[in-house]
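I have placed the structure first, in the form of structure tokens, so that the comments after it can refer back to it.
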Amino acid sequence: MLLAVDFFADRALRRDYQRTGFEQLLAIALIAQSNPPEFTALPPEKPEEIAALQLWIKQIAASGARVTVVTADGLVLAIRNPTR
């Protein structure tokens, strides 16, 4: 009996962790989509566009997420690890 309770408790905790993780990812995605930098070319060449990209990923990484910005053709524009 105790084994069955442990099994179901483990599954419930795992579902809760997954749900919480997905909710956090959704919140980060909504923040990222609310104010993305705009570029005249890819990769960005203008200093102000590069600075805007760096600021944008810095703000997202402050959430604790690792940020990687990749173009549709696979070019990596930026990578930033969490600041926490």
Side-chain angles (χ1 to χ4, degrees):
M1 177 72 163
L2 188 57
L3 183 61
V5 171
D6 186 47
F7 174 76
F8 288 113
D10 182 59
R11 286 183 61 186
L13 277 173
R14 186 172 303 149
R15 273 194 309 261
D16 187 50
Y17 286 138
Q18 288 174 337
R19 185 180 67 247
T20 300
F22 285 127
E23 288 172 356
Q24 290 173 345
L25 284 174
L26 177 60
I28 293 167
L30 292 173
I31 291 168
Q33 291 174 345
S34 70
N35 193 22
E38 295 184 19
F39 308 122
T40 55
L42 283 176
E45 297 172 355
K46 295 180 180 178
E48 62 272 11
E49 292 178 353
I50 295 169
L53 174 62
Q54 291 172 344
L55 176 62
W56 185 66
I57 64 168
K58 180 180 178 183
Q59 292 169 339
I60 298 168
S63 70
R66 181 174 190 264
V67 181
T68 305
V69 180
V70 183
T71 64
D73 61 350
L75 177 65
V76 176
L77 299 179
I79 297 174
R80 183 155 184 132
N81 289 316
T83 55
R84 299 194 216 174

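Heavy-atom minimum distance, Trp56 versus Pro36: NE1-CA, 3.5 Å.
Residues passing the side-chain hydrogen bond (donor to acceptor under 3.5 Å, both in side chains) test with Arg19 are Asp16, sequence neighbours excluded. For Arg15, there are no salt bridge (Lys or Arg N to Asp or Glu O under 4.0 Å) partners at least two apart in sequence or on another chain.
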side-chain contact (heavy atoms from CB on, under 4.5 Å) between Thr40 and Glu45, intermediate numbers included:
CA-CA 8 Å; Thr40 55; Glu45 297 172 355; over 6 Å; no

Determine whether Val67 and Ile28 satisfy the following criterion, side-chain contact (heavy atoms from CB on, under 4.5 Å), listing intermediate values before the conclusion.
CA-CA 10 Å; Val67 181; Ile28 293 167; over 6 Å; no

Stepwise, does the side-chain contact (heavy atoms from CB on, under 4.5 Å) test hold for Ile57 with Val69?
CA-CA 8 Å; Ile57 64 168; Val69 180; 3.6 Å; yes

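Within the 4.5 Å cutoff, no side-chain heavy atoms of Thr20 are placed close to those of Tyr17. Residues Pro43 and Leu75 have side chains in contact (heavy-atom distance under 4.5 Å, counting atoms from C-beta outward). The shortest distance between side-chain heavy atoms of Lys58 and Gln54 does not fall below 4.5 Å.
Heavy atoms from other residues, nucleotides or ligands lying under 6.0 Å from CD of Glu48 number more than 12.
Cluster membership check: Val70 shares its hydrophobic cluster with Ile79, using side-chain heavy-atom separations under 4.5 Å among Ile, Leu, Val, Met, Phe, Trp and Tyr.
Distance check: Phe39 CZ to Thr71 OG1 gives 11.0 Å after rounding to the nearest 0.5 Å.
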